[in-house]
J.: 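Here it is, the structure, as structure tokens.
Residue numbers count from 1 along this sequence. Values reported hereafter were calculated over all heavy atoms of this structure, with side chains retained and with hydrogens, waters and symmetry mates removed.
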Amino acid sequence: MRKALCVALGMAMAAALAAGPIVMAQAPAPKPAAAGRAAAAPQAAARYRVHGNLNQVMRGVLFPNSNVVFAAQNDEFAGIKQDKDPSLATDPLRSVYGGWTAVEDSGFALAEAANLLMIPGRVCSNGKPAPVGNADWGKFVAGLRDAGMEAVKAARAKNQDAMLDVSDKMTAACSACHDVYREKTDKQGGEGARCTK
């Protein structure tokens with residue numbers, strides 16, 4: 001049975017090669033810049049789809065990856081061992097790609113997550129739109145991106161002292177945004193006022 005399958009697969013490949021080169025359809029040429037920003041917004045919305053609210057992105061991407069970055073400043077960081085089966089580890093530091101590789105990967109994840117925070121159409125857990133068009137939001141997101149890339153640099157150098165500075169910058173970037181858009185007292189409207197000033 002196995003031999004017959006291999007022979008059939010080989011014959012199919014030979015027939016495909018004999019038929020000549022495969023021609024791929026070309027993507028349509030991009031529209032000229034003169035089309036303006038108004039046309040770009042619907043295209044971006046079609047290209048980048050929002051699936052989770054801001055809270056879900058924070059808990060699913062930013063929170064776990066920032067914890068990996070924060071762990072690298074700890075004295076016990078070097079002693080973290082792989083799980084018995086690292087391919088099933090839920091802790092990145094104990095996985096196949098643990099240690100400094102996990103820290104580097106988490107830095108990249110945080111820097112890339114900055115892009116997720118700027119996609120139009122994302123809403124907060126309270127249903128209010130994420131303020132992606134606000135100048136301060138963009139500044140806060142840039143701080144997160146920069147901190148993520150500094151984590152990458154420190155992880156590549158395996159520099160635990162630099163991770164102390166990176167952790168401070170990460171905390172400052174997160175706090176700056178949370179102080180404006182997340183932390184709302186009852187008087188300010190509580191959770192219902194998140195993503196507003």
J.: Is there a side-chain contact between Gln82 and Leu93, using heavy atoms and a 4.5 Å cut-off?
T.: no
J.: Taking disulfide bond (SG atoms under 2.5 Å apart) as the definition, give me every residue that meets it alongside Cys174, ordered by chain and number, with sequence neighbours left out.
T.: none
J.: Kindly write out the residues that satisfy side chain to side chain donor-acceptor pair (under 3.5 Å) with Lys184, not counting sequence neighbours, or none if the list is empty.
T.: none
J.: Should Met149 and Phe140 be regarded as members of a common hydrophobic cluster, given that ILVMFWY residues are connected when their side-chain heavy atoms come within less than 4.5 Å of each other, either directly or indirectly?
T.: no
J.: Under the side chain to side chain contact (heavy atoms under 4.5 Å, CB included) criterion, do Phe70 and Met163 qualify, and how do the steps go?
T.: CA-CA 8 Å; Phe70 293 142; Met163 292 307 299; over 6 Å; no
J.: Please check if the side chain of Lys128 supplies one atom and the backbone of Gly192 the other of a donor-acceptor pair under 3.5 Å.
T.: yes
J.: Ignoring hydrogens, what is the shortest heavy-atom contact between Trp100 and Ala155? Give both atom names and the distance.
T.: CE3-CA, 3.5 Å
J.: Decide side chain to side chain contact (heavy atoms under 4.5 Å, CB included) for Leu116 and Val50; before the verdict, give the C-alpha distance in whole Å, the side-chain angles of both, and the deciding distance to 0.1 Å.
T.: CA-CA 8 Å; Leu116 297 177; Val50 174; over 6 Å; no
J.: Please say yes or no: joined through hydrophobic side-chain contacts below 4.5 Å, possibly via intermediate residues, are Met58 and Val132 part of one cluster?
T.: yes
J.: Please find the pair of heavy atoms, one from Ala72 and one from Val103, that lie closest to each other, and give the distance.
T.: CB-CG2, 3.7 Å
J.: How far apart are the C-alpha atoms of Leu144 and Leu62, what are their side-chain angles, what is the distance that settles it, and do they pass the side chain to side chain contact (heavy atoms under 4.5 Å, CB included) test?
T.: CA-CA 10 Å; Leu144 170 67; Leu62 282 89; 3.3 Å; yes
J.: Could you check whether any side-chain N or O of Trp137 sits under 3.5 Å from a backbone N or O of Leu117, counting only pairs where one atom can act as donor and the other as acceptor?
T.: yes
J.: What pairs of residues pass the side-chain hydrogen bond (donor to acceptor under 3.5 Å, both in side chains) test when at least one of them lies in residues 152-162, not counting sequence neighbours?
T.: Glu104-Arg156
J.: Do Leu88 and Asp83 touch side chain to side chain, with heavy atoms closer than 4.5 Å?
T.: no
J.: I need the minimum non-hydrogen distance between Val166 and Ala154, along with the two atoms involved.
T.: CG2-CB, 4.2 Å
J.: Any idea which heavy atoms bring Gly52 and Val57 closest together, and the distance?
T.: O-CG2, 4.3 Å
J.: Search all heavy atoms of Pro129 against all heavy atoms of Cys195 and return the closest pair with its distance.
T.: O-CB, 3.7 Å
J.: Is Val152 reachable from Val141 through a run of hydrophobic residues whose side-chain heavy atoms are each under 4.5 Å from the next?
T.: no
J.: Could you tell me whether the side chain of Met118 reaches within less than 4.5 Å of the side chain of Tyr48, counting heavy atoms only?
T.: no
J.: Please check if atom CD in Glu191 has more than 12 non-hydrogen atoms from other residues, nucleotides or ligands closer than 6.0 Å.
T.: no
J.: Measuring from Thr171:OG1 to Lys169:NZ, what's the distance to the nearest 0.5 Å?
T.: 12.5 Å
J.: Is there a donor-acceptor pair closer than 3.5 Å between any side-chain N or O of Ser95 and the backbone N or O of Pro92?
T.: yes
J.: According to the side-chain hydrogen bond (donor to acceptor under 3.5 Å, both in side chains) rule, which pairs have a member within residues 108-126, sequence neighbours left out?
T.: Glu112-Asn115, Asn115-Arg145
J.: For residues 48-110, which residue pairs pass the disulfide bond (SG atoms under 2.5 Å apart) check, not counting sequence neighbours?
T.: none
J.: When you compare the side chain of Asp136 with that of Lys197, does any pair of heavy atoms fall below 4.5 Å?
T.: yes
J.: Using the side chain to side chain donor-acceptor pair (under 3.5 Å) criterion, which residues pair with Asp85? Sequence neighbours excluded.
T.: Ser87
J.: Which distance, rounded to the nearest 0.5 Å, do you find between the SG of Cys124 and the CZ of Arg194?
T.: 8.5 Å
